[in-house]
Number of protein chains: 2
Amino acid sequence: MDSFSVPEVVVLRLPLYVRALSQLRDGGTDVVSSQQLGSLLQMTPAQIRKDLSYFGRFGKQGRGYNVRFLLHELREILGLDREWRACLIGVGRLGHAIINYPGFSPEGFKIVAAFDGDSDQVGTSIGGFKVRPMEDLAEVVNEMKISIGIVAVPASQAQEVIEKLIENKVKGILNYAPVAPQVPMNTVIRNIDPVLSLQSMTFYLR
Amino acid sequence: MDSFSVPEVVVLRLPLYVRALSQLRDGGTDVVSSQQLGSLLQMTPAQIRKDLSYFGRFGKQGRGYNVRFLLHELREILGLDREWRACLIGVGRLGHAIINYPGFSPEGFKIVAAFDGDSDQVGTSIGGFKVRPMEDLAEVVNEMKISIGIVAVPASQAQEVIEKLIENKVKGILNYAPVAPQVPMNTVIRNIDPVLSLQSMTFYLR
DNA sequence: ATAACTTTGTGAATGTAATCACTACTTAAA
DNA sequence: TTTAAGTAGTGATTACATTCACAAAGTTAT
Ligand SMILES: NC(=O)c1ccc[n+]([C@@H]2O[C@H](COP(=O)([O-])OP(=O)(O)OC[C@H]3O[C@@H](n4cnc5c(N)ncnc54)[C@H](O)[C@@H]3O)[C@@H](O)[C@H]2O)c1
Ligand SMILES: NC(=O)c1ccc[n+]([C@@H]2O[C@H](COP(=O)([O-])OP(=O)(O)OC[C@H]3O[C@@H](n4cnc5c(N)ncnc54)[C@H](O)[C@@H]3O)[C@@H](O)[C@H]2O)c1
């Protein structure tokens with residue numbers, strides 16, 4: 001069951017299942033069928049069953065899936081049964097919003113340090129953190145065992161910052177800058193880019 | 001050449017080409033080969049050529065693509081040769097960040113109105129706009145010819161707000177709330193969800 | 001007990017997307 | 001002018017993803 005034997009599209013869907021199952025659990029549902037889950041997520045029951053079958057047999061014929069059990073299994077599969085420490089690079093407008101966003105922490109993603117290249121920013125306090133200079137990156141990432149970097153610097157600086165993160169063994173990058181960064185194979189990058197989303201949307205709106 | 005005869009994955013990639021071509025143009029490059037574009041975007045030249053071939057023949061054998069010409073054609077294909085008017089629903093922390101984000105406007109996406117359900121917010125001024133009450137949505141969307149709705153309300157309110165937008169003939173939705181909204185076939189929705197991105201990333205980091 | 005339903009898990013079949021590989025053409029150098 | 005190198009466009013091929021469809025197993029009602 002190594003990572004490469006599972007299609008990436010399947011991995012991308014697992015978090016959707018996790019979210020739906022969390023909601024069902026919070027709503028008091030104990031058991032759910034692939035049919036119900038499918039109508040909730042607008043996908044076919046067969047696809048859900050096939051996706052899950054890459055990882056094991058979690059359901060019961062004639063009945064469905066135990067919500068809490070399946071949720072627990074999926075969280076384990078995705079590595080969500082532990083805490084992930086992240087650092088933020090760039091504490092401008094977006095950086096502020098990210099640090100103050102309460103949505104990461106309950107899911108186990110903790111921002112534990114913030115950096116900025118501007119000496120006017122360094123030393124200021126944001127959301128409980130002292131902003132640190134980029135020179136401290138190596139030391140802090142290493143000491144705090146940070147494995148994810150969140151990049152919120154201007155587009156022109158993004159590639160450089162990302163390379164610095166990778167040099168320091170950060171293996172996961174969440175990039176908000178509107179660029180297509182070049183990263184080595186063993187680095188996992190995810191881009192958040194609302195403009196790209198809008199630009200593909202308009203094709204269907206014309 | 002109707003929308004449905006083009007694979008959606010292809011449409012999702014076109015904005016990447018648009019961005020890369022814009023950068024090349026700004027950098028003074030006149031001509032680019034699928035090879036070069038491919039190494040810039042980390043994809044195979046064949047895929048780029050195949051993608052473009054759905055829409056026409058834009059290149060010259062032995063030479064490559066004229067950057068400005070291809071850029072113009074792609075912008076036209078995507079419907080980016082016009083201005084798109086959008087409204088924002090929910091002017092909390094994220095809403096503020098979105099309204100003040102300078103990245104939409106240069107790409108032709110103009111936020112022209114902001115709404116909020118909280119009477120304390122209504123009437124306040126943000127980024128040059130008076131925040132309007134939800135009751136005005138129908139009238140304003142119609143009069144200002146708004147075709148895109150940007151949703152930045154709490155998750156619990158998102159489905160309801162999205163339905164209200166759709167009732168008023170808004171056909172494109174950019175949703176920031178962490179939910180999987182149900183929308184009719186003729187509505188185009190794009191979700192921005194950094195937590196989902198992180199949750200699929202960790203699968204590869206474990 | 002039995003019968004009528006329900007639902008999973010999964011090979012097989014179908015559908016979709018990416019890549020290959022070649023022709024036709026362009027450019028630039030010899 | 002001729003030759004060598006480079007590139008687009010595209011059918012054919014290969015690889016990948018989704019859906020189908022059904023046996024096996026569990027559930028509910030009588
Ligand atoms: N994806 C999104 O939703 C979204 C939304 C808004 C902004 N953005 C993007 O996020 C980025 C930041 O936007 P913003 O509005 O916060 O910009 P900003 O100018 O307000 O902030 C950028 C910060 O990065 C710092 N910085 C610059 N170069 C640096 C470097 N080399 N190393 C470390 N820090 C550096 C600056 O000092 C500044 O504090 C931009 O690329 C913008 O396009 C993305
Ligand atoms: N995708 C992202 O990057 C990202 C980042 C931050 C926040 N979020 C999400 O965006 C949403 C907003 O986050 P926030 O931090 O700005 O929250 P917030 O509470 O600061 O703001 C929400 C705003 O929506 C308004 N609102 C509530 N119900 C409404 C309704 N029915 N109609 C109209 N307006 C209504 C509220 O009055 C408030 O002004 C949340 O769902 C949050 O999870 C997403």
Side-chain angles (χ1 to χ4, degrees), chain A residues 1-17 20-21 24 29-74 77 185 200 203, chain B residues 1-17 20-21 24 29-74 77 185 200 203:
Chain A
M1 199 205 67
D2 74 301
S3 304
F4 293 102
S5 63
V6 181
E8 183 164 7
V9 275
V10 173
V11 175
L12 292 174
R13 282 192 293 264
L14 297 186
L16 296 173
Y17 303 152
L21 289 165
L24 287 168
T29 305
D30 288 332
V31 175
V32 69
S33 67
S34 58
Q35 179 84 72
Q36 294 171 297
L37 210 45
S39 83
L40 217 58
L41 290 169
Q42 312 237 149
M43 51 202 295
T44 65
Q47 179 159 74
I48 292 171
R49 295 200 302 275
K50 186 62 127 185
D51 283 357
L52 297 179
S53 77
Y54 283 99
F55 304 98
R57 308 170 58 149
F58 307 110
K60 215 174 189 179
Q61 283 142 325
R63 196 163 157 70
Y65 301 88
N66 178 296
V67 171
R68 302 182 96 94
F69 173 68
L70 180 56
L71 181 54
H72 178 267
E73 293 297 301
L74 288 180
I77 289 163
M185 285 287 292
S200 66
F203 178 79
Chain B
M1 201 206 64
D2 74 301
S3 305
F4 293 102
S5 62
V6 181
E8 184 164 6
V9 276
V10 173
V11 176
L12 291 174
R13 282 193 292 265
L14 296 186
L16 295 174
Y17 304 152
L21 289 165
L24 287 169
T29 306
D30 289 331
V31 176
V32 69
S33 67
S34 59
Q35 179 84 72
Q36 295 172 297
L37 210 45
S39 79
L40 217 58
L41 292 169
Q42 311 239 148
M43 52 201 296
T44 65
Q47 179 160 72
I48 292 171
R49 294 200 303 274
K50 184 61 121 192
D51 283 357
L52 297 178
S53 77
Y54 283 99
F55 304 98
R57 309 168 55 145
F58 307 111
K60 215 176 190 177
Q61 285 141 324
R63 198 166 155 67
Y65 301 90
N66 179 297
V67 171
R68 303 182 95 93
F69 172 68
L70 180 56
L71 180 55
H72 178 267
E73 293 296 301
L74 288 180
I77 289 163
M185 286 287 294
S200 66
F203 178 79

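We name chains A, B, ... by the order of the sequence lines, and we start the count at 1 in each one. Every heavy atom of this structure was used, including side-chain atoms; hydrogens, water molecules and symmetry mates were not.
The side chain of A/Y65 lies closest to C/dG9 when the candidates are C/dA18, D/dT18, C/dG9. For B/V9, whose side chain is taken as the heavy atoms from C-beta onward, the closest listed nucleotide among C/dA18, D/dT7, C/dC20 is C/dA18. The side chain of A/R57 has C/dT10 as its nearest neighbour among C/dT10, D/dT27, C/dT27. Comparing atom distances between the B/P7 side chain and each of D/dC20, D/dG11, C/dA17 picks out C/dA17 as nearest. You'll find that the side chain of B/S33 is closest to D/dT7, out of D/dT7, C/dT19, C/dG11. Comparing D/dT18, D/dG11, C/dT8 against the side chain of B/K50 picks out D/dG11 as the nearest.
Nearest-nucleotide assignment on DNA chain D puts the 5′-proximal partner with B/Q35, out of A/K60 and B/Q35. Across the interface with DNA chain D, nearest-nucleotide mapping of A/G62 and B/R63 shows B/R63 to be the residue nearer the 5′ end.
What separates CG of B/L12 from C1' of C/dA17 is a distance of 13 Å, to the nearest Å. Across the protein-nucleic acid pair, A/Q47 atom CD and C/dG9 atom P stand 15 Å apart, rounded to whole Å. A straight line from CD of A/Q36 to P of C/dT6 spans 12 Å, rounded to a whole angstrom. Nucleotide C/dT8 holds its C1' atom 15 Å from the CG atom of A/N66, rounded to whole Å. Remark: P of D/dG9 and CD of B/E73 are 12 Å apart, rounded to the nearest angstrom. B/L70 has its CG atom 16 Å from the P atom of D/dT7, to the nearest Å. Protein atom CZ of B/F4 is 14 Å distant from nucleotide atom P of C/dT16, rounded to whole Å. What separates CG of B/D51 from C1' of C/dA18 is a distance of 10 Å, to the nearest Å.
Taking side-chain N and O atoms only, A/Q61 has no distance below 4.0 Å to OP1 or OP2 of D/dA24. Residue B/S53 places no side-chain N or O under 4.0 Å from the OP1 or OP2 atom of D/dG9. In this model, the phosphate group of C/dT7 is not approached by any side-chain N or O of A/S34 to a distance below 4.0 Å at OP1 or OP2.
Summarising the geometry, atom CZ belonging to A/F203 is positioned 10.0 Å from atom CD belonging to B/E8; distances are rounded to the nearest 0.5 Å. In this structure, A/F55 CZ and A/L14 CG are separated by 4.5 Å, a value rounded to the nearest 0.5 Å.
Contact of B/R49 with D/dG9 (side chain to base): a donor-acceptor pair of N or O atoms is detected under 3.5 Å.
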Using residues 35-49 of chain A as the side-chain source, report each donor-acceptor pair under 3.5 Å to any protein atom, sequence neighbours left out, with the distance given to one decimal.
{"from": "A/Q36", "atom 1": "OE1", "to": "A/S33", "atom 2": "N", "distance (Å)": "2.8"}
{"from": "A/Q36", "atom 1": "OE1", "to": "A/S33", "atom 2": "OG", "distance (Å)": "3.4"}
{"from": "A/S39", "atom 1": "OG", "to": "A/Q36", "atom 2": "O", "distance (Å)": "3.2"}
{"from": "A/T44", "atom 1": "OG1", "to": "A/Q47", "atom 2": "N", "distance (Å)": "3.2"}
{"from": "A/R49", "atom 1": "NH1", "to": "A/S34", "atom 2": "OG", "distance (Å)": "3.1"}

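In this structure, the side chains of B/L52 and B/L74 come closer than 4.5 Å at one or more pairs of heavy atoms. Two residues are said to be in side-chain contact when any heavy atoms from C-beta on lie closer than 4.5 Å; B/V67 and B/D30 fail this criterion. With contacts defined as side-chain heavy-atom distances shorter than 4.5 Å, the pair A/V11/A/I77 does not qualify. Looking at heavy atoms from C-beta onward, A/L70 lies out of side-chain contact with A/Y17 at the 4.5 angstrom threshold.
Applying the side chain to side chain contact (heavy atoms under 4.5 Å, CB included) criterion to A/V31, with sequence neighbours excluded, gives A/R63.
An angle of 20°, rounded to 10°, separates the two end axes of the helix from C/dA1-D/dT30 to C/dA30-D/dT1, each defined over five pairs.
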